Amino acid sequence: MQLLLIHSDYIEYEVKKSTPVAEKIEESFKQGRLEEALTAFMAVESFDEADPQQVVERAVAEIEKVAVQVKAESVMVYPYAHLSSDLSSPKVAVSVLKSIEKELSGKYNVMRAPFGWYKAFSISCKGHPLSELSRTIRPEESATCGEAVVVEEKKDEVVSEALKAESTAKSYWRILTPDGELHEAEGFDFTGYDNLKKFVDYEITKNRNIDKAPPHVELMRRLEIADYEPGSDSGNMRFYPKGRLMKSLIENFVLDESAKIGAMEVETPLMYDMNHPTLKKYLDRFPARQYSIESDKRHMFLRFAACFGQFLMNHDMTISYRHLPLKMIELTRYSFRKEQRGELVGLRRLRAFTMPDMHTLCPDMEGSVSQFGEQYSMCIDTLNKIGIDVSDFEVAIRFTRDFYEGNKDFITDLARKVDKPVLVEMWDTRFFYFVLKFEFNFVDATAKASALSTVQIDVENAERYDINYTDSNGEMQHPVVLHCCPSGAIERCIYALLEKAAMDTEAGKVPNFPVWLSPTQVRVIPIAERHMGFANEVADALQCRVDIDDREETVGKKIRDAGREWVPYVAVIGDSEVESGNVNVTIRAESEPKKPKKVEMTAEELNERVLSEIGDMPYRSLPLAKLLSMRPKFL
RNA sequence: GCCGUCGUGGCUUAGUGGUAUAGCGGCUGAUUCGUAAUCAGCAGGCCGGGGGUUCAAGUCCCCCCGACGGCUCCA
């Protein structure tokens, strides 16, 4: 059943003409009017025929719930077929409508508009936030026929209670400086903190005047990293070999870093039962929209993080206080969030994305706060090594007033660690499952902010999922849970690197990737065919991702192409190199536009230099042909 | 999801009612070349999809899809 509830000053109707399915009615029924009424427009659907009684009960419950909220004493039951494209038989519909009328009539002043008639009506909607609501009601266990798996959007289920709650949440915005002072965000002197200013504007005033597409969209395609996939849903990207390589390197890096602090890597399912009682409640506390899937008789949703899987695993584990803090991580490929259409842009915001999701079980609040501090530092370090410096992101710290009162010094320390002012958002009451969180927000070339790393202290889910550990007295306790995404979404890291490079270009610098992430680390350019032998020797002497531009092109063309690909080291080989045994290397990181930095060195020196720049960072071999002449173009 | 703009060969793009432009890329040939585009030729398009108006539609109208911008929203 589709329900549309409108709280109205009045509703009135008058029948005009009967349709073939019209119910027979008396003269007095042909027009009606109710003042101060909750009008329930409804369409009974084919699904409802499976269990009409249950649909009646649930519809009545929904109507009553809203009637109580808006303090309505009158209810207009109004059949409205246009709410659905899959209607029930008229017979069932009339009986459902009559039952609803009957159920409500004891408690409310109820009127029902006749079924199956064209009616003129006028309604005056009150327009307050609760005055217009829609609901979808389906009998439990309703099976759809046709295909085995049908992906469908259910409007009512994608708006979680947390999303609704947020619209009413009262936020207090402050700027916290490293000296521990809380300043009003309005009127703060942002001199020297341009990006913080942009971030604060983005968060608070929501003032955005941008007329251009973010530059990374063109770059991600030109550099053959990622692209839109028209054959999928929006926000589901394809990644070409270079993009997959970069993702893979960052993924491995984050996993390595979390292994170093003792996180256990696990893998959990991508889809879950919508009607699982624990999950249902969690869905309502998480501010995100889901993809949903009909699979046989079950209604599934795609995960938007690894929380479910890990919490369900934690629930079944036997855990002692000796095991705490206990860390688990999953690199989710993918997490799915059905973001609104207009929010999707390039790699900044996706509907399917790769996110490292780590959870830490801590014995108590004190333990969780200390872990929070450690993970805060770890996140700074992680982004830094990926190539996103403290100066590239802005910190937001969000907490409840209670938490702040008890932990002022700790919060100040967070600002001190980054040694710059940070944005603070404080709530009087806790709307979400956490009492404290931070995010590192990247501010891009179009002054838009998006979150990378985040850690949250969760005080709800251990209980909800019934996760327990045994304390030193042998008593069962619920741990405090930390959520941590050390790097942010991997795609978003690439977005940040591309945007950062675009800003460098804008500032008159040569754009770069960190060497460990560059798909090609060294390009060897032989001038003529006779230099291929030595070119191969040089390439063989290098223990990194090296390729050879053996195409029949001029040197100028090959240099230009290497530059457009942001290759960090370009070694040109001609007669004099063959003779000297050295190579002539253009070092991109030390070059300026139109002023390439060229150094003559041996292949061994070049190799050492590249290896030292890769350092401890992950390495994978080149996923493309070594010879450029053997490479297809992806676009 | 709502409002607006846009959608032409693999890519970028000209074309506002009358036989569909060009560059890049690809292929063929010539060139074997010293640091940001060597020259010539060839192939490749039912102009996002569907419907309508018209003698005639890439061009005008309607619906849908997608991208971008805004609103909204955001881990």
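Chain letters run A, B, ... following the sequence lines, proteins first, then strands; residues in each count from 1. Values below: every heavy atom of this structure, side chains too, minus hydrogens, waters and symmetry copies. Just so you know, these numbers come straight off a predicted model, no measurement behind them.
Rounded to whole Å, the separation between the P atoms of G4(B) and G52(B) comes to 25 Å. Remark: the separation of the P atoms in C39(B) and U32(B) is 15 Å, to the nearest Å. Taking atom P on both nucleotides, G34(B) is separated from G41(B) by 25 Å, rounded to a whole Å. Spacing between C11(B) and G25(B) at atom C1', rounded to whole Å, works out to 7 Å. As rounded to the nearest Å, C64(B) and U5(B) have P atoms that lie 15 Å from one another. G15(B) sits 31 Å from U28(B) when the C1' atoms are compared, rounded to a whole Å. Rounded to whole Å, the C1' atom of G51(B) lies 31 Å from the corresponding atom of U12(B). With both ends at atom C1', the span from C55(B) to U72(B) equals 49 Å, rounded to whole Å.
Across all strands shown, K558(A) has no heavy atoms under 4.0 Å from either base or sugar-phosphate atoms. If you check every strand for non-hydrogen atoms under 4.0 Å, G231(A) touches nothing. Counting non-hydrogen atoms under 4.0 angstrom, P526(A) reaches nothing in the nucleic acid. Using a 4.0 Å heavy-atom distance criterion, F438(A) is classed as making no nucleic acid contact. Among the atoms of the strands shown, base atoms are found under 4.0 Å from some heavy atom of G342(A).
Place G346(A) and R351(A) on RNA chain B by their nearest nucleotides, and R351(A) ends up nearer the 5' end. Nearest-nucleotide positions on RNA chain B place G235(A) closer to the 5' end than the other of M355(A) and G235(A).
Not counting sequence neighbours, D357(A) has no partner by the salt bridge (charged side-chain N to carboxylate O under 4.0 Å, His left out) test. By the side chain to side chain contact (heavy atoms under 4.5 Å, CB included) test, A625(A) is found to be paired with M630(A), R631(A), residues two or more places apart in sequence or in another chain being considered. Scored by the side chain to side chain contact (heavy atoms under 4.5 Å, CB included) test, P568(A) finds V515(A), S518(A) as partners (sequence neighbours excluded). Residues passing the side-chain hydrogen bond (donor to acceptor under 3.5 Å, both in side chains) test with T268(A) are R303(A), E330(A), sequence neighbours excluded. Residues passing the salt bridge (charged side-chain N to carboxylate O under 4.0 Å, His left out) test with R609(A), sequence neighbours excluded: E590(A), E613(A). Scored by the salt bridge (charged side-chain N to carboxylate O under 4.0 Å, His left out) test, D549(A) finds R551(A) as partners (sequence neighbours excluded).
Of all the heavy atoms in Y291(A) and S234(A), the pair that sits closest is OH-O, 4.2 Å.
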Result block: side-chain N/O donor-acceptor pairs under 3.5 angstrom for residues 377-384 of chain A, not counting sequence neighbours:
from	atom 1	to	atom 2	distance (Å)
S377(A)	OG	G373(A)	O	3.4
S377(A)	OG	K417(A)	NZ	3.2
T382(A)	OG1	M378(A)	O	2.8

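Sorted by first then second residue, the salt bridge (charged side-chain N to carboxylate O under 4.0 Å, His left out) pairs that include residues 569-581 of chain A, not counting sequence neighbours, are R530(A)-D575(A). Screening residues 501-510 of chain A for side-chain hydrogen bond (donor to acceptor under 3.5 Å, both in side chains), with sequence neighbours left out, gives no hits.
Using the six-membered ring where Trp is involved, F304(A) and F308(A) have ring planes that are perpendicular, over 60° apart on the 30 and 60° scheme.
Rounded to an integer number of Å, the gap from Q340(A) CD to G70(B) C1' is 13 Å. One interatomic measurement links the two molecules: OH of Y291(A) to C1' of G1(B), which rounds to 15 Å at whole-angstrom precision. Nucleotide U72(B) holds its P atom 17 Å from the CG atom of L344(A), rounded to whole Å. D233(A) places its CG atom 12 Å from the P atom of C65(B), with the value rounded to the nearest Å.
Here the two rings, on Y433(A) and H483(A), have centers that are under 6.0 Å apart.
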Sugar-phosphate or base contact per nucleotide [nucleotides 5-13 of chain B; S, B, -; heavy atom under 4.0 Å] | -----S-S-
What string of B, S and - do you get for nucleotides 27-37 of chain B, 5' to 3', when a contact is any protein heavy atom under 4.0 Å?
-> ----BBBBBBB
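In this model, no donor atom of one side chain and acceptor atom of the other lie less than 3.5 Å apart for T520(A) and E565(A).
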RNA chain B base-pair string [pairs: Watson-Crick or G-U under 3.5 Å; |: paired with another strand] | ((((((((.[[[..)..(...]]].(((((.......))))).....[[[[[..)....]]]]])))))))....
